[in-house]
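None of these values were measured; they are calculated from a predicted model.
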Amino acid sequence: MVNVDVVQTIAAVPSEVSKILLDHQNAGQFFDAKFSMAKTADEGEVFGGKGAIRNLNVAGVKFSEQILIANDNHIRYAIVGDRPLRGHQGNIYLEEQSSSSTLVRYTIVCEAPKWLPDKLVEFLLSQAMKKALVKINKHFLALAN
């Protein structure tokens, strides 16, 4: 079983961080993947929120993710199907730390393919999430200056 838990403070309030994370069309500027939308959010949900399905291309591996929960404090998504990672579910928790910062906790649980060691998948996912959250923080820091 793969378990990823990454924590990062971001220089923005939870609603601003959530908005960036749910802007699927522009997510490629923060994550090392190409994104496109397959389905918009369900009626009455926030932009990019519950029901949205995004297609990803990560180093030639194509798959889709669906947003299951989306608000200013929590985003949950899952890979549609069981490839490339079986049972993949991501949770992003956004906790206001001050009037200008948010503690982001990004967790992922899944099963790696049998031919890949769990610890390697954990390392690769952790590094990718850390890199993306640092980029998001730099984005907000640049806006503040």
Side-chain angles (χ1 to χ4, degrees), residues 1-113 116 118 121-145:
M1 182 62 83
V2 172
N3 289 291
V4 174
D5 192 356
V6 175
V7 177
Q8 170 75 41
T9 300
I10 295 183
V13 296
S15 61
E16 293 174 333
V17 178
S18 177
K19 187 179 259 185
I20 286 279
L21 291 168
L22 294 172
D23 183 3
H24 309 299
Q25 289 294 109
N26 295 306
Q29 67 183 329
F30 304 111
F31 294 87
D32 290 334
K34 293 179 183 174
F35 291 79
S36 64
M37 291 303 296
K39 179 185 175 295
T40 59
D42 294 343
E43 188 174 328
E45 294 293 329
V46 298
F47 178 81
K50 183 179 178 187
I53 298 175
R54 59 190 180 194
N55 296 321
L56 287 84
N57 183 335
V58 180
V61 178
K62 297 177 181 180
F63 57 98
S64 298
E65 294 176 340
Q66 183 169 22
I67 306 300
L68 305 173
I69 295 172
N71 59 53
D72 290 345
N73 301 108
H74 184 204
I75 298 168
R76 175 180 293 155
Y77 68 93
I79 288 180
V80 177
D82 62 0
R83 293 179 187 231
L85 301 168
R86 185 184 317 269
H88 180 284
Q89 182 170 280
N91 282 284
I92 306 168
Y93 301 97
L94 309 161
E95 182 182 330
E96 186 172 344
Q97 295 294 292
S98 71
S99 61
S100 61
S101 70
T102 298
L103 182 70
V104 177
R105 181 172 204 157
Y106 199 138
T107 66
I108 296 172
V109 294
C110 63
E111 293 180 41
L116 270 176
D118 287 351
V121 174
E122 282 179 8
F123 174 78
L124 294 172
L125 287 173
S126 292
Q127 293 304 304
M129 297 311 103
K130 285 177 189 175
K131 184 177 177 183
L133 292 176
V134 166
K135 283 183 180 180
I136 291 169
N137 188 46
K138 287 181 179 177
H139 167 78
F140 284 114
L141 289 171
L143 290 176
N145 290 330

Does any N or O in the side chain of [X] come within less than 3.5 Å of the main-chain N or O of [Y], such that one atom is a donor and the other an acceptor?
X	Y	answer
N73	L94	yes
Q25	M37	yes
Q66	I53	no
S18	P14	no
K135	F31	no
T102	A12	yes

[X] side chain near [Y] side chain, heavy-atom distance below 4.5 Å:
X	Y	value
I67	R54	yes
I20	F140	yes
N137	T9	no
Q89	L68	yes
P113	L85	yes
K130	Q8	no
H88	I108	yes
L21	I136	yes

How long is the straight-line distance from [atom2] of [Y] back to [atom1] of [X], given to the nearest 0.5 Å?
X	Y	atom1	atom2	answer
H24	S36	NE2	OG	11.5 Å
S101	I10	OG	CD1	10.0 Å
M129	L124	CE	CG	10.0 Å
R105	D5	CZ	CG	4.0 Å
L103	S98	CG	OG	11.0 Å

### Task
Among N71, I69, T107, I92, find the residue that satisfies the side chain to side chain contact (heavy atoms under 4.5 Å, CB included) test when tested with R76.
I69
Grab the two heavy atoms, one from [X] and one from [Y], that are nearest each other, plus how far apart they are.
X	Y	answer
S99	V13	O-CG1, 3.2 Å
A70	G49	CB-CA, 3.5 Å
D118	A112	OD1-CB, 3.4 Å
G51	D42	CA-OD1, 3.4 Å
N3	E122	N-OE2, 3.0 Å

### Query
Any chance NZ of K39 has more than 12 other-residue heavy atoms, nucleotides or ligands included, within less than 6.0 Å?
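Above 12, so yes.
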#### Entry: Ring geometry between Y93 and H74 (parallel below 30°, tilted from 30 to 60°, perpendicular above 60°)
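Because their plane-to-plane angle is under 30°, the rings of H74 and Y93 count as parallel.
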